[in-house]
Amino acid sequence: MNSAPVAPATASLDDPFYYLTNFRYVVSWVNARHHDLLSATERDAIGHFETLPQASQALLVRMVMRKGELFRLDKLSYAEIGDTEQALVPLVALGWVDRAPQLTSRELFRLLRLSELRQALADEIANAGLARNSTKAALQAAVEEKPLQAPAPLQQWWPAATTQVVRLTVMAFCDRLRLMFFGNLRQDWAEFVLTELGLQRFEQVPLTAESRAFQSREEVTTYLTLHRLRERLDDGELPQTLSTQVLPASSNRWLASRRARLLLTMGREAERGGDSELALTLYADANNSDARIRRLRVLERLGRYSDAYKLTISALDAQPHEGEIQALMRLLPRLARKLGQKVERSDRAEQQAAQALTYVLHLPGPQPVERAVAEALATPTAPVYYVENSLLTGLFGLLFWPVIFKPLPGAFFHPFHSGPADLYREDFVPQRQADINACLAQLDDGRYKETILRTWHAKQGIASPFVHWGIVSEELLALALKCLPPAHLRACFMRLLDDLKHNRAGLPDLIQLMPDAPPREPRYKMIEVKGPGDRLQDNQRRWIDFFCRHSMPVEVCHVRWQPAPEPEEIKKEESKQKKSKQEDAE
DNA sequence: ACCATGCACGCACGG
DNA sequence: CCTTCAAGCG
DNA sequence: CCGTGCGTGCATCGCTTGAAG
Ligand SMILES: [Mn+2]
Ligand SMILES: [Mn+2]
């Protein structure tokens, strides 16, 4: 394989220009791997950048790393750069910095502090009859109330201004660079620093020279466009305006699903604003499972039961995942009843198949419920751990480490991956089936224990989508391996692999480990704790159903707080569980 | 694994 | 005066 | 009562600083 080890990517923080070194690393990385995705202008820009004086490069990068693209010169001051004005000159000459940018009122309010705004907007304040001591928000509301506040330079908003404001005009390009490098926009320049500080560590996956997140410029642009729309939505722009600007779905499945998620949140905003019809359109267009469910609930709320019923039936027909089935099966009887159909009792009973042992604990409180139950149940020989998803996913992540970090093309493309880019995509498992089988085989022949422990030591602290190092201690790990039978692990791991995205959560709060239990007895049990008024979530029910079907020990513990401070008296009473034939049979 | 995701909590509805 | 919050930073 | 839906709050390095109220 044409792979090279990843060179240490992050600059030492002893270097006063460490951030510039990091930025240049990204630029040259993109230049090397995404050259064909850059426009001629962008290639020129990179060339120009490299010829700039160091201070100017550094100032540019300082601005890029900060929030927004507008900066007050009195707030742009860096020891290692020295004279800001001087560093600015070449940037202004290239047109990368605008020395007298037009400012909207919003921008003005972000740049000036309240005392300055009171001076700048003295007339407006007087005209609007605002109190002298009104808040920034009130002032802003009053100013934005006025029709057509045209953007203007600072000097026009506030002739007496003593500071200047500049606009970095190349922020969009720098976002594009960052996007091409990381394959997302959630990671940023701080990634380098946090890594250098040792606050995060990443697996070193060998990358081929060709590995990259995007295959065409259009893909990058699509991502950026969707992202901008999302930002504007978060910024309060109306879904009615924004929805018209959403491009048709990309043929790239990843981008298509990002688009669907944008439409979903736009739909929610439309709903919040009372525009159900727009919401319905957006949900229909999005057509991912969340959007399908939302669409049905809107239709139900609007009383369009027949439409909803038909869509429910077709959704059930279109390979819904378990979580979607749960929601659909809750909807179906309601809709059927509204349509005058008879709903049989068995329909409902069927979906709640297995029922776990459920009981009530009366504990002194209130206090954190999971802690309280853990303490109440723990004994010296049977400790209780508050692990939620961390233990099972952790064991999974450790055993399947080489699967998760297998250097497949497209899965890893920069040095800061906590997991493969395709982890939650359809073909993650098939792409790695042989390796997965090899890991599963270790559960059959017993090698898994050693592998898991060895990996725990070898990969300690390295970011993984499944291993939360803070919770899976060596002690817990050793005990868990002693107590959880491999057959049970295998079943859980298969379920995880079945749908990593939806099955990685919902595991019970607590696990009690009983290493000294007699041979035939179970050596562990899982307990989902529910405080007063809490109830099982869908994903929790799915896991509990699964545990029951596979005869794995799981309980649901409801907590009631004792009114009187009588801490010694803990009552454990069996509550009548809704019986199901399955349960009694086993 | 992204102002997100996973969890608990609290209120409202309708049966 | 306090306290609270976001930004900047390494 | 029950089962539902739905909105909310909480938490992500940890420190310093400046603005707001
Ligand atoms: Mn929990
Ligand atoms: Mn719980």
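Hydrogens, waters and symmetry mates play no part in the numbers below; they use all other heavy atoms, side chains included. To find a chain, count down the sequence lines: A is the first, B the second, and so on, and within it residues start at 1.
Ranking C:dG10, D:dA19, D:dG5 by closeness to the A:Arg297 side chain, first place goes to D:dG5. Residue A:Asn389 has its side chain nearest to B:dG6 when only C:dG10, B:dG6, B:dA8 are considered. Taking the side chain of A:Lys338 as heavy atoms from C-beta on, and the options B:dG15, B:dA8, B:dG6, the nearest nucleotide is B:dG15. For A:Arg535, counting side-chain heavy atoms from C-beta on, the closest listed nucleotide (B:dC9, D:dT4, D:dC13) is D:dT4. Proximity note for A:Arg294 (side chain, C-beta onward) versus D:dG21, D:dT4, D:dC6: the nearest is D:dC6. Comparing atom distances between the A:Lys136 side chain and each of C:dC9, B:dA8, D:dG21 picks out D:dG21 as nearest. Candidate nucleotides D:dA19, D:dG5, D:dC13 were compared by shortest atom distance to the side chain of A:Leu199, and D:dC13 ranks first. Taking only side-chain atoms of A:Arg330, from C-beta outward, the nucleotide of B:dC7, D:dC13, D:dT4 with the closest atom is D:dT4. For A:Ala190, the listed nucleotide lying nearest its side chain is C:dG10; candidates were C:dG10, B:dC7, D:dA20. Comparing D:dA19, B:dA8, B:dG15 by their nearest atom to the side chain of A:Lys75 picks out D:dA19.
An OP1 or OP2 oxygen of D:dG5 is reached within less than 4.0 angstrom by a side-chain nitrogen or oxygen of A:Arg334.
Nearer to the 5' terminus of DNA chain C, by closest-nucleotide assignment, is the contact made by A:Lys67 (compared with the other of A:Arg62 and A:Lys67). Judged by closest nucleotide on DNA chain C, A:Arg110 is the one of A:Arg110 and A:Val193 placed further toward the 5' end.
Using a 4.5 Å heavy-atom threshold, the side chains of A:Tyr424 and A:Arg504 count as touching.
Of the P atoms belonging to C:dA6 and D:dG9, the separation is 13 Å, rounded to the nearest Å.
Contact check on A:Arg232 versus A:Asp235 returns no salt bridge, with no Lys/Arg side-chain nitrogen under 4.0 Å from an Asp/Glu carboxylate oxygen. A salt bridge is defined here as a Lys NZ or Arg NE, NH1 or NH2 lying under 4.0 Å from an Asp or Glu carboxylate O, and A:Arg297 with A:Glu300 fails to meet this definition. Using a 4.0 Å cut-off between a side-chain N of Lys or Arg and a carboxylate O of Asp or Glu, A:Glu269 and A:Arg272 qualify as a salt bridge.
For A:Thr312 and A:Arg292, the side-chain atoms include no donor-acceptor pair closer than 3.5 Å.
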